[in-house]
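Both backbone and side-chain heavy atoms feed into the values below; hydrogens, waters and symmetry mates do not.
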Amino acid sequence: MNWTFCTLIIIAMVTFTGVSYNGTYGQSVSPANNTMQQHVKHIFDNLIISEHIPLTGNLVNGDYILLMDLTPFATSVEGHSHIAMKIPCNEDGIPKATVVTGVAPNLKSLDVGKAINNGTLNGKSLDLSDEGNSCLYHSQLPTGITDIALVNTSNETLNFDRGSYSVTVSVHGSAIQHLAANETMTMH
């Protein structure tokens, strides 16, 4: 098995404590017996994941690679979810593929900014992008998304086998479970 392809770092932190939101959900009054309903308890499950995804093979124009589906989690902490990628770009440093994010099927293009060129290695200049071949991009991921994909938006088939192309996604996500006030969560 190719361990490079299977590189995956997952750190999952699951919190099993109930959190009640007093005032967040209003209490309703039953006109028949004039009693109040109890608040719903909420359980937060947290997920922290960082995954390196080597890109291989061909990607035809209009096709996509699903990079990550976080369901039932969604990105939750602003500034704590990030994407970095080395992908084919044109001579102006514009990526030939677009990252789309959202909750499928409702996706939006992510602005990955300009190609990153000027790096350093041991104090010496290091060019991180080679416009016309491959470029490096970094961007923050928006909060509230569950799906991340890479779409070929060029007018050509992209060949990922010739450039050590890859995407790295780091996500801090959370999911909320709704339990009735009289339910408790059991661990299996």
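Rounding to the nearest 0.5 Å gives a distance of 7.0 Å between CG of Asn133 and SG of Cys89. Here the straight-line distance linking atom CG of Asn117 with atom CG of Asp130 works out to 9.5 Å at 0.5 Å rounding. Lys86 contributes atom NZ, which lies 12.0 Å from atom OG1 of Thr168 (distance to the nearest 0.5 angstrom). Between atom CG of residue Asn58 and atom CG of residue Asn159 there is a gap of 4.5 Å, rounded to the nearest 0.5 Å.
Connection of Val169 to Val112 is established within a shared hydrophobic cluster, with ILVMFWY side chains joined at heavy-atom distances below 4.5 Å, either directly or through further cluster members. Cluster membership check: Val99 does not share its hydrophobic cluster with Tyr64, using side-chain heavy-atom separations under 4.5 Å among Ile, Leu, Val, Met, Phe, Trp and Tyr. In this structure, Leu128 is a member of the same hydrophobic cluster as Leu121, with clusters built from ILVMFWY side-chain heavy atoms closer than 4.5 Å.
Applying the side-chain contact (heavy atoms from CB on, under 4.5 Å) criterion to His82, with sequence neighbours excluded, gives Ala84, His138, Gln140. Legend: residues meeting side-chain contact (heavy atoms from CB on, under 4.5 Å) with Ala115, ordered by chain and number and at least two apart, are Ser129, Glu131, Cys135, Tyr137. For Asn155, the side-chain contact (heavy atoms from CB on, under 4.5 Å) test picks out Asn61, with sequence neighbours left out. With sequence neighbours left out, the side-chain contact (heavy atoms from CB on, under 4.5 Å) criterion links Leu107 to Val100, Asp147.
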- Met85 vs Ser166, side-chain contact (heavy atoms from CB on, under 4.5 Å): CA-CA, chis, key distance, verdict: CA-CA 6 Å; Met85 58 187 180; Ser166 66; over 6 Å; no

- When you look at Lys96 and Ile87, which way does the side-chain contact (heavy atoms from CB on, under 4.5 Å) test go after all the steps? CA-CA 8 Å; Lys96 291 186 177 183; Ile87 61 172; over 6 Å; no

- Could you walk me through whether His172 and Ser81 pass side-chain hydrogen bond (donor to acceptor under 3.5 Å, both in side chains), step by step? CA-CA 6 Å; His172 181 214; Ser81 296; over 6 Å; no

May I have the list of side-chain donor-acceptor pairs in residues 68-77 shorter than 3.5 Å, sequence neighbours left out?
residue, atom, partner, partner atom, Å
Asp69, OD1, Thr71, N, 3.0
Asp69, OD1, Thr71, OG1, 2.7
Thr75, OG1, Pro142, O, 2.6
Thr75, OG1, Gly144, N, 3.0
Thr75, OG1, Ile145, N, 3.1
Ser76, OG, Ser174, OG, 3.3

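In plain terms, the two heavy atoms of Ser154 and Leu158 that are nearest each other are OG-CD2, 3.8 Å. What you find for Asp161 and Gly57 is that their closest heavy atoms are OD1-N, 2.8 Å. Leu59 approaches Asn152 most closely through the heavy-atom pair O-ND2, 2.6 Å. Listed here is the closest heavy atom pair of Pro88 and Tyr165: N-CE2, 3.5 Å.
Note on residues 92-128: no pairs pass ring pair (Phe, Tyr, Trp, His ring centres under 6.0 Å), not counting sequence neighbours.
In summary, of the residues considered (Ile83, Leu110, Ile53), a side chain to side chain contact (heavy atoms under 4.5 Å, CB included) with Ile148 occurs for Ile83 alone.
In this structure, Glu78 places its CD atom where only 12 or fewer heavy-atom neighbours from other residues, nucleotides or ligands lie under 6.0 Å away.
Within the 3.5 Å criterion, the main-chain N or O of Gly93 finds a donor-acceptor partner in the side chain of Asn90.
Between the side chains of Ser109 and Thr98, no donor-acceptor pair is found at a separation under 3.5 Å.
Within the 4.5 Å cutoff, no side-chain heavy atoms of Val167 are placed close to those of Ile65.
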